[in-house]
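Note that the numbering runs from 1 along the sequence shown for the chain.
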Amino acid sequence: MNKILGFFALILLLASCGGEEVYTPKPKGFNRIDLPKHEYRTLEGNYPYNFEYSQSAIIQKDTFARAEPYWIIIYYPELDARIQLTYKPLNGNMTKLQEHIGDSFKLAAKHQVRATSQKDQMVKYKSGNTALVMNIEGEVPSHYQFITTDTTKHFLRGASYLMQPTVNDSLKPVVDFIKRDCEHLLETLTWKQ
């Protein structure tokens with residue numbers, strides 16, 4: 001009887017060791033993104049505007065072929081993200097102001113092909129600055145855009161861009177980080193006369 005039990009135990013042992021392993025897929029996840037602290041410094045240089053921007057960012061000259069003076073990029077090397085600022089002098093010309101506002105809406109509308117929604121709103125900051133901000137959702141490269149002006153001399157448009165071609169849900173922390181920095185920029189923005 002012991003031989004029979006030993007034989008069955010050996011067969012059971014061999015059967016349990018030689019079979020295929022069953023793998024189950026891991027659940028979908030996103031990469032961990034370590035964001036820098038929200039610490040700011042004042043823009044240096046001869047610009048018709050001034051503001052505070054992130055200490056983790058670098059100011060670069062806009063190298064776009066049609067870039068004008070005072071167009072800059074606020075580049076975040078660790079996040080591979082940027083805020084493009086385009087400045088236009090108004091010189092009291094209300095027609096120019098209307099054209100620049102119209103152009104800003106046209107540029108934002110280019111994202112509608114892939115956007116799931118766009119919410120535009122006027123925001124008045126504690127500093128007294130007012131801006132029209134555009135929150136764009138979906139698989140778009142620019143989730144946050146804004147325009148601000150003093151209505152007579154200065155017009156500034158900003159657009160944040162993520163350079164990573166991954167699913168934007170995984171980049172939501174970066175989108176929110178850049179949005180907060182844009183809001184700080186608008187809060188601290190001053191025009192030079």
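In this structure, the side chain of Asn91 does not engage the main chain of Asn93 through any donor-acceptor pair within 3.5 Å. Under the 3.5 Å distance criterion, the side-chain polar atoms of Ser160 are matched with a main-chain donor or acceptor of Tyr144. Looking only at distances, a side-chain donor or acceptor of Glu187 sits under 3.5 Å from a matching main-chain atom of Lys126.
Taking all atoms of both residues into account, the shortest heavy-atom contact from Asn129 to Leu189 is ND2-O, 2.9 Å. Tyr76 and Ser54 make their closest contact through CE2-CB, 3.7 Å (heavy atoms, listed as atom of the first residue, atom of the second, distance).
Taken from OG1 in Thr190 to CG in Asn50, the straight-line distance is 4.5 Å, to the nearest 0.5 Å. Ile83 CD1 to Cys182 SG: the interatomic distance, rounded to the nearest 0.5 Å, is 3.5 Å. Atom CD1 of Ile58 sits about 9.5 Å away from atom CD of Glu78, to the nearest 0.5 Å. The CG atom of Asp62 lies 9.5 Å from the CZ atom of Arg82; values are rounded to the nearest 0.5 Å. To the nearest 0.5 Å, the span separating OG1 on Thr151 from CG on Leu97 amounts to 7.0 Å.
Of the residues Glu52, His38, Lys179, the one that meets the side chain to side chain donor-acceptor pair (under 3.5 Å) test with His184 is Glu52.
Below 30°, between 30° and 60°, or above 60°: for Tyr49 and Tyr87 the angle between ring planes is between 30° and 60°, a tilted geometry. Between Phe51 and Tyr53, the ring planes lie perpendicular to each other; the angle is over 60°, past the 30° to 60° tilted range. Between Trp191 and His154, the ring planes are parallel. Angles under 30° get that label, and only those over 60° would be called perpendicular.
Residues forming a side-chain hydrogen bond (donor to acceptor under 3.5 Å, both in side chains) with Thr188 (at least two apart in sequence, or on another chain): none.
At least one side-chain heavy atom of Leu107 sits less than 4.5 Å from a side-chain heavy atom of Arg157. Counting only heavy atoms from C-beta outward, the side chains of Tyr161 and His143 never approach each other to under 4.5 Å. Using a 4.5 Å heavy-atom cutoff, the side chains of Asp120 and Leu132 are in contact. Contact check for Leu186 versus Thr148: side-chain heavy atoms found under the 4.5 Å cut-off. Two residues are said to be in side-chain contact when any heavy atoms from C-beta on lie closer than 4.5 Å; Thr130 and Thr149 fail this criterion.
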Worked check of side-chain contact (heavy atoms from CB on, under 4.5 Å) between Leu85 and Ile74: CA-CA 8 Å; Leu85 296 179; Ile74 304 171; 4.0 Å; yes

Criterion side-chain contact (heavy atoms from CB on, under 4.5 Å) on Phe155 and Ser104, from CA distance to verdict: CA-CA 11 Å; Phe155 177 86; Ser104 297; 3.5 Å; yes

Worked verdict on Ile59 versus Tyr47 for side-chain contact (heavy atoms from CB on, under 4.5 Å): CA-CA 12 Å; Ile59 299 294; Tyr47 300 100; 4.1 Å; yes

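Judged as a salt bridge (charged side-chain N to carboxylate O under 4.0 Å, His left out), the pairs with a partner in residues 63-76 (not counting sequence neighbours) are, in order, Glu68-Lys88. Screening residues 94-104 for salt bridge (charged side-chain N to carboxylate O under 4.0 Å, His left out) gives no qualifying pairs among residues at least two apart or on separate chains.
Salt bridge absent: Asp176 and Arg180 never bring a charged side-chain N and a carboxylate O closer than 4.0 Å.
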